[in-house]
Amino acid sequence: MSMYDKLNEQQKEAVFHTEGPLLILAGAGSGKTSVITHRIAYLIDEANVNPYNILAITFTNKAAGEMRERVDNLVGFGSEQIFVSTFHSLCVRILRRHAENLGYTNNFSIYDSDDQKTVMKEVIKKLNLDTKHYKEKALLSKISSLKDELVSPEEFAISAAGDYEKRITASCYSEYQSALKKSNALDFDDLIVEAVELFKTCPEVLNSYVNRFKYIMVDEYQDTNTAQFELVRLLTGSNRNLCVVGDDDQSIYKFRGANIRNILDFERFFPEAKVIKLEQNYRSVQNILDAANAVIRNNSERKDKALWSKQKEGDRIHFREFDNSYEEAEFVARDIKKSVQEGKSDFGDNAILYRTNAQSRSMEEKLVQENVPYKIFGGVNFYSRREIKDLLAYLKTIDNARDDLCVKRIINIPKRGIGATTINKLQATADERNTTFFDSLMHPEWSDLKGAAADKLHGFELLILRLRAMAESEKPTAVLKEILDTTDYINQMDVEDEEDAENRIENIEELISKARLYEEEAEEPTLSGLLEEIALVADIDSYDESESRVVLMTIHSAKGLEFKNVYMVGMEDGLFPSYNSINQGDAEIEEERRLCYVGITRAKEKLTLTRAKARMMHGDTQYNPLSRFVNEIPRQLFDIAPVTRKYNDSYYDPDTSESGGYRRYDNYRDDESGYGSFKRNSSYDGASGYGSNSSGKTGYSGFSREASAGSSYSSGIFSGYKRPTAYNTKKETPEEEKPFFTKMNGLSGLTKGSDLAKPTGDLSAGDRVKHIKFGEGTVISVVKETKDSKVTVQFDTAGQRIMYASFAKLQKI
DNA sequence: CGTACTAGTCTTTTT
DNA sequence: GACTAGTACG
C-alpha cells in the first residue's frame with residue numbers, strides 16, 4: 001500500500017499533476033496541507049525532481065516549519081534541501097545576496113511599523129506639512145497599498161499631477177523612500193517590491209533563480225497581493241510549474257493588499273492551468289459545517305463550492321448570551337474548566353477566538369481567576385517593548401552604520417547628556433553634507449560643537465566603534481552582553497516600580513536566550529542574520545499544539561489552525577462585523593463574513609458562540625445588537641437559539657429590552673442619543689458585581705499574557721506569572737545560564753522611593769485577604785525578607801500563590 | 001537638558 | 001481606559 005492511497009480522488013489528482021500550472025481550490029479542512037506535502041514527496045520520489053529545485057512559499061514561519069517536517073516524514077532524505085519559506089524571508093534571502101544591484105548594501109536594516117512611523121514623521125516635518133492634517137499612519141497605509149500594487153513614487157507622482165492632496169502624498173512617498181534608502185533600510189513592503197525590481201532590472205539574476213526553482217508552490221494563495229503575484233510569476237519563468245493552493249472564501253487580508261483577483265484570474269494568466277477543487281471536509285462535524293456554509297452563502301462574490309463531510313452530525317452549535325463581557329468571559333473560562341475536569345478535552349484543545357486583540361483582557365482575567373492555563377498570541381509584540389527596541393537599536397547601529405534612526409534612538413540611552421538641540425544640529429549638518437547622522441556625529445566641528453558637547457559625542461562614537469570591532473569576531477550574544485555591561489543598561493532604566501523592572505529584565509533575558517538559540521541553530525550566525533530573524537517572526541510562529549494551554553488569538557491569527565473546541569466570543573454587530581465594515585459597505589461586510597467563516601471552520605467538534613449585551617469599548621459602555629452572522633445560522637443548528645430579530649427593528653432600550661434590538665446604522669456616530677453610546681458608567685458594572693476595575697488604578701497593567709495552572713510557579717517574584725513572550729515556552733533558559741544578571745547589583749539600584757517597601761498592613765497566617773485578580777483567599781504563611789514579605793495565599797478559586805505583599809496589594813477582609 | 005504633566009489617539013485585522 | 005507624543009517649566 002502506498003502513502004497516496006489514503007488520499008481521495010481529487011487529492012490524488014492534485015498530487016499526481018506535477019507539470020504545468022495548477023490551481024487547487026481547497027475548502028476549509030479539506031486536507032490541503034496533506035496534498036501539498038504529498039505532492040512534494042511525489043515530486044521527489046516519483047518524478048525524480050531534485051529537492052533543491054523545489055520552492056514552497058507559506059504564510060508563516062510556523063507553516064513553513066511544519067511543511068518541512070511533514071515532508072521529511074514522507075520522503076527518506078533530502079527534505080532539508082527544499083526551499084520552504086515565507087514571502088518575506090525568501091525576499092530577504094535574495095536581497096541580501098544582490099543588494100548592491102539596487103543601491104543597498106547587504107546588511108540593510110528591516111524597518112518595522114514603529115520605525116516607519118518615525119521616518120514618516122520626519123518626512124512630514126521636513127516637508128513643512130501641517131501635522132494636524134497629515135497623519136503618518138494614514139500616509140503610510142496609503143503608501144503601503146501603493147507598494148502592494150507595485151506603484152513606484154515616480155508613477156504615483158505622474159498620476160497625482162492634477163490633484164493637490166495626491167501630490168502631497170506623492171512627495172511624502174518619494175521623500176520617505178529616499179530617507180529609507182539613505183539609511184540603507186527597507187520596510188516590509190519593500191522586501192517584496194525590491195525583489196521584483198531586482199528581477200526586472202537584472203535578468204541574469206532572475207535567471208539564476210528560475211533555473212533553481214523549477215517547481216514552485218504557494219500556500220494561502222488567496223492572501224497574496226499584486227506584488228507577491230508578480231514575484232511568483234517572474235520566478236516561474238518558462239518552467240510554468242506553479243502550483244497555488246487557496247480558498248477565496250478564506251480571503252481575509254484585503255486590508256493588507258491581498259488581491260482576490262489573483263485567484264479568480266489565475267486561469268487567465270495561465271490558460272493551460274489545471275483547476276482542482278477539494279470539497280470534502282475532514283475536520284469538522286456536520287453541524288459546524290452546516291453553520292459555516294449557511295454563513296458564507298450570504299456572500300455574492302465567490303467561486304462556487306460545496307463543502308461536504310462524511311463525519312457525524314455532532315453537537316449542536318452552542319450559543320450563550322450575557323449581560324456584559326465579564327460574565328461572558330467567566331462562562332467561557334468555567335466551561336473550559338468543566339470540559340477538562342470531565343475529561344472531555346485537554347486545555348490545549350480549546351481556543352478562544354475574537355475579532356480584536358483588546359478582547360483578550362477580560363478573557364485573561366477570568367482564566368487567571370479560574371486557574372486555567374492559557375497563552376495569548378498577538379497583541380503587543382515582544383519586540384516593540386522599549387527595552388528590547390533599545391537593545392536592538394544598539395545592535396542595528398553596530399550592524400548598519402547608515403541606520404540613522406537607530407543611532408538617534410540610542411545616542412542618549414542611557415542618558416549621556418546629548419539632547420534634542422545637539423541631535424537637531426547634527427542632523428542638519430548630515431542633511432547639508434548629504435551624509436549619515438553617524439558620520440556627522442563623528443565630526444562635531446562640522447556642526448560647531450566643541451567642549452563638553454563634543455566630548456560626549458566622542459565618547460559615544462568610541463563606544464560604538466569598539467562594539468563594532470567586537471562584533472567582527474564575537475558572537476551576537478557576547479556583543480549584547482557587552483552592551484548591557486558597558487552601558488549599565490539595567491541599572492539605568494527608568495522604571496515605575498519593582499514589578500516593571502522585573503518585567504523588563506525578564507524581557508532582556510528572553511532576548512538573550514533568543515539570540516543564543518539563534519546562534520545554536522543558524523549555520524553561520526551573524527548579527528544581520530539575527531536581526532533579520534527577529535524582524536520576520538510572527539507571534540503565531542511560536543504556537544505549539546502539544547502544550548496543554550488554552551489558546552487565545554484573533555480569528556485572523558487562527559487561520560490555518562484547527563481546534564477541537566472553539567469559542568468565538570463577542571458576536572455582536574459593531575464588534576464583529578466591525579463598525580468600520582458596517583459603515584463602509586457590502587464588500588467590507590463580505591470580508592468580515594469570510595472571517596466569520598474562517599472562525600467557524602477552525603472547530604472540529606464543538607463550537608460555542610457568545611455575545612455580551614453590554615461591553616466596555618474605548619472607555620464607555622456600548623450596547624450592541626447580536627451579530628448578523630449569528631442570525632444567518634439556521635436556528636435548528638443551535639442548542640439554545642438566539643432570539644431572532646429583524647435588522648431594522650425598533651430602537652434599543654437597555655432597561656426594557658430583553659436581549660437587544662436593532663437600530664439602523666445611519667449616522668450613528670453623529671447622533672449622540674442614538675445607537676451605541678449609552679453611558680451608564682459604573683452603575684452597570686456595579687450592579688453585576690464586577691466593578692472592581694474602576695477602583696484599582698493599576699487595573700490589569702500588571703497582567704501576564706501567559707500563565708499556568710498548578711503550583712509549579714512558586715518561585716520568583718510574582719509567582720504564577722510569566723512575562724509576555726513571543727517564544728516557545730518549552731525552550732526555557734537552562735538554569736545554569738541564568739545568573740547573568742546577578743553580577744549587576746540586581747534590583748537594588750532600581751527600587752525607587754520608599755513606597756515600595758511599605759507594608760500592606762501586617763498579615764499573618766490565617767488572615768482572609770482579597771486580591772484584585774485572584775479574588776478572596778486565606779493566608780497560609782508569611783516570610784519576612786529584607787525589604788518585603790513573601791506571602792503564600794490559598795485562593796478560593798485561583799489556587800495557591802506566593803507573592804510579595806507590597807505588590808500584590810492584598811486587602812485584609 | 002531633563003522632568004512632569006497634558007492632550008490626543010486608539011481598537012479591526014499583520015508579514 | 002491606556003498608551004504615547006508633545007509641551008511647559010525647572
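Here the structure is a predicted model, which means the values were calculated and not measured. Numbers restart at 1 for each chain; the letters A, B, ... are given by sequence-line order, proteins then strands.
Listed candidates were dT12(B), dG2(B), dT15(B). Nearest to the side chain of Thr86(A) is dT15(B). Comparing dT14(B), dT11(B), dA2(C) by their nearest atom to the side chain of His556(A) picks out dT14(B). Out of dA2(C), dT12(B), dT15(B), the shortest distance to the side chain of Phe188(A) is found at dT15(B).
Contact check, Lys415(A) against dT3(B): a side-chain N or O comes under 4.0 Å of OP1 or OP2. Between Thr554(A) and dT14(B), a side-chain N or O to OP1/OP2 separation shorter than 4.0 Å is present. For the OP1/OP2 pair of dC1(B) and a distance below 4.0 Å, the side-chain nitrogens and oxygens of Thr421(A) include at least one atom meeting the criterion. Applying the 4.0 Å criterion to OP1 and OP2 of dT11(B), one finds that Asn357(A) has every side-chain N and O outside that range. Contact annotation: Lys137(A) side-chain N/O to dT11(B) OP1/OP2 distance is under 4.0 Å. Side-chain N/O atoms of Asn225(A) include none lying less than 4.0 angstrom from OP1 or OP2 on dT15(B). For the OP1/OP2 pair of dT11(B) and a distance below 4.0 Å, the side-chain nitrogens and oxygens of Ser578(A) include no atom meeting the criterion.
Glu590(A) places its CD atom 22 Å from the P atom of dT13(B), with the value rounded to the nearest Å.
A salt bridge links Asp112(A) and Lys389(A); the closest N-O separation between the charged side-chain nitrogens and carboxylate oxygens is under 4.0 Å. A salt bridge links Glu122(A) with Lys408(A): the distance from a Lys NZ or Arg NE/NH1/NH2 to an Asp or Glu carboxylate oxygen falls below 4.0 Å. One finds no salt bridge joining Arg628(A) and Glu632(A) here, because no Lys/Arg side-chain nitrogen approaches an Asp/Glu carboxylate oxygen to under 4.0 Å. Between Glu328(A) and Lys366(A) there is no salt bridge, since no side-chain nitrogen of the basic residue lies less than 4.0 Å from a carboxylate oxygen of the acidic one.
Residue ring and base: Phe255(A) does not count as stacked with dT14(B) (centre distance below 5.5 Å and interplanar angle below 30° not both satisfied). By the 5.5 angstrom centroid cut-off and the 30-degree plane limit, Tyr253(A) is classified as not stacked against the base of dT13(B).
Put simply, the side chain of Phe83(A) does not reach to within 4.5 Å of the side chain of Arg68(A), judged on heavy atoms.
Looking at heavy-atom distances under 4.0 Å, Ser113(A) makes no contact with the nucleic acid at all.
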